[in-house]
Amino acid sequence: MVYVEIFWAFFLANLLGYGGGPATIPLIQNEVVNRYEWVSLHEFSELLAIANALPGPIATKLGGFIGYEVGGVLGALVALVATIAPSAIAVIILLQFAAMFKDSLQIKYMTRSVQPVIAILLGVLAIQFIYTSFEDSGLIHLMIVTVLSYLFLEKFKTHPALVIAGALLYGGLFMSGLIIS
Amino acid sequence: MHPYLQIMIGFARSGVLGYGGGPSVIPLIEYEAVKNYKWMNSDEFGETLALANTLPGPIATKMAAYIGYKVKGPLGAIVAVTAHILPSLIALIGILTFFYSFRSSPFISGMVQGVTPVIAVMLFMMALDFLKKGSKGLGVRWAMILAVFAFLLLQILTLHPGIVIAIFLTSAFIFATYRGRKTMKQNFEQESREKVQ
């Protein structure tokens, strides 16, 4: 039953994603690309690109779109509920007892211990994208886009949507084989 | 203005103006909730945020759900979350559907190729961010040890990330409980010694 799979995939990814939306990206990728094979790594990177260029929380954009691709409007709805409802309900219930464990040592250590895992997952995903880009476009284009986007994002603090728009334009002009092949 | 309409406008606006995923949206939600519509004061907002941060899952929707619930109950929560996520989701589905229908065009396939390295760079920056956060909370040495350990479990033993995270969470819980008991015991012993003296 595909809706149960959709629910389970996004429920799991968001339950384990300590550290907000970005932490769930590699976990979602693991479920939808590696495990259920709903989208290829390629499609996932396109999806991430466009999702990153648009405002709003990233986890719901990924969930909503993949849910829609796999199971239509109902699929999107199931993915969104799985993404949002468990933690939202937990916050509403737990805030009644907030004082009890807000400063709890256990919670502090648990949150921190997951951060290195998320860092590794994100790093590995980044390397996979570098590798597919190398295979598709060759070393020179890869180097140019990587260095430029790093400079603009990190040094000049350009808006991510502008950097993505720039890369789309560069790719369309120079990596399409239309101008130089 | 009707409260539901306020919730809808407040969360739609913060969702559409907030770039860079959930965490960057927080100041915008604070503006709507504290300054603009005065649903809560800034201390309450800080407390809600601190608690929401201890739970897994996207932060923006947790905040939207709680604040919506506080103002208008369960329906308020649903309105807040929907208003927050729907505009950008519909835009995403629209853009990608358009994109896919021109898949065979070389210009479009070039665009897709062009953007892949940018996403890699963004993910690397996020990875560094998490490593920095971890180093701050755990100390550089422990953060590195845990990162190497996580790498071995994930890439060499190829365990499911969920299992790796579960192992880390359980170990952290046990470690914190053990440490908490130890400091409590020390405090207790110190107190009793002071009493004797």
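Within every chain, numbering begins at 1; the chains are lettered A, B, ... in the order of the sequence lines, protein sequences first and strands thereafter.
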_Which heavy atom of B/Gly15 sits nearest to which heavy atom of A/Pro55, and what is that distance?_
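Here B/Gly15 and A/Pro55 meet closest at O-CB, 3.6 Å.
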
*Identify the heavy atoms of B/Ile119 and A/Ala49 that sit nearest to each other, and give their distance.*
CD1-CA, 3.3 Å

*Could you please state which residues from residues 24-33 of chain A sit under 4.5 angstrom from chain B, measuring non-hydrogen atom to non-hydrogen atom, sorted by number, or 'none'?*
A/Ile25, A/Leu27, A/Asn30, A/Glu31

*Can you name the residues of residues 2-14 of chain A that have some heavy atom under 4.5 Å away from a heavy atom in chain B?*
A/Leu12, A/Asn14

*Taking side chain as C-beta onward, heavy atoms only, is B/Leu89 less than 4.5 Å from A/Tyr68?*
no

*asked:* Measuring only between side-chain heavy atoms, which start at C-beta, is A/Glu43 closer than 4.5 Å to B/Tyr100?
replied: yes

Chain A contact via [X] - which portion, at a heavy-atom distance below 4.5 Å:
{"X": "B/Phe168", "result": "both"}
{"X": "B/Phe149", "result": "neither"}
{"X": "B/Met126", "result": "both"}
{"X": "B/Ile95", "result": "side chain"}
{"X": "B/Leu154", "result": "side chain"}

What distance do [X] atom [atom1] and [Y] atom [atom2] have between them, rounded to the nearest 0.5 Å?
{"X": "B/Leu96", "Y": "A/Glu46", "atom1": "CG", "atom2": "CD", "answer": "7.5 Å"}
{"X": "A/Ile93", "Y": "B/Tyr66", "atom1": "CD1", "atom2": "OH", "answer": "12.5 Å"}
{"X": "A/Leu125", "Y": "B/Phe124", "atom1": "CG", "atom2": "CZ", "answer": "10.0 Å"}
{"X": "B/Leu123", "Y": "A/Asn52", "atom1": "CG", "atom2": "CG", "answer": "8.0 Å"}
{"X": "A/Tyr170", "Y": "B/Gln113", "atom1": "OH", "atom2": "CD", "answer": "11.0 Å"}
{"X": "A/Leu47", "Y": "B/Leu92", "atom1": "CG", "atom2": "CG", "answer": "6.0 Å"}

Check whether [X] gets within reach of chain B through its side chain, its backbone, both or neither, counting any heavy atom under 4.5 Å.
{"X": "A/Val124", "answer": "side chain"}
{"X": "A/Ala59", "answer": "side chain"}
{"X": "A/Leu148", "answer": "neither"}

*What residues form a ring-ring contact (aromatic ring centres under 6.0 Å, His included) with A/Phe156, not counting sequence neighbours?*
A/Phe152

_Aromatic centroids of A/Tyr109 and B/Phe175 separated by under 6.0 Å_ = yes

*Examine distances only and state if a side-chain atom of B/Thr61 and a backbone atom of A/Ile84 form a donor-acceptor pair shorter than 3.5 Å.*
no

*Sub-3.5 Å donor-acceptor pair from the side chain of A/Arg112 to the main-chain atoms of B/Gly137, do we have one?*
yes

*If you count heavy-atom pairs under 4.5 Å between each of B/Ile174, B/Val81, B/Ile165 and chain A, which one has the most?*
B/Ile165

*Looking at B/His160, B/Gln155, B/Met111, B/Met63, which has the largest count of heavy-atom pairs under 4.5 Å with chain A?*
B/Met111

Using residues 128-135 of chain A as the side-chain source, report each donor-acceptor pair under 3.5 Å to any protein atom, sequence neighbours left out, with the distance given to one decimal.
unit_1	atom_1	unit_2	atom_2	d
A/Thr132	OG1	A/Gln128	O	3.3
A/Thr132	OG1	A/Phe129	O	2.9

*Should B/Val164 and A/Leu121 be marked as a side-chain contact (heavy atoms from CB on, under 4.5 Å) after you check the CA-CA gap, both sets of side-chain angles, and the distance that decides it?*
CA-CA 11 Å; B/Val164 177; A/Leu121 286 169; over 6 Å; no

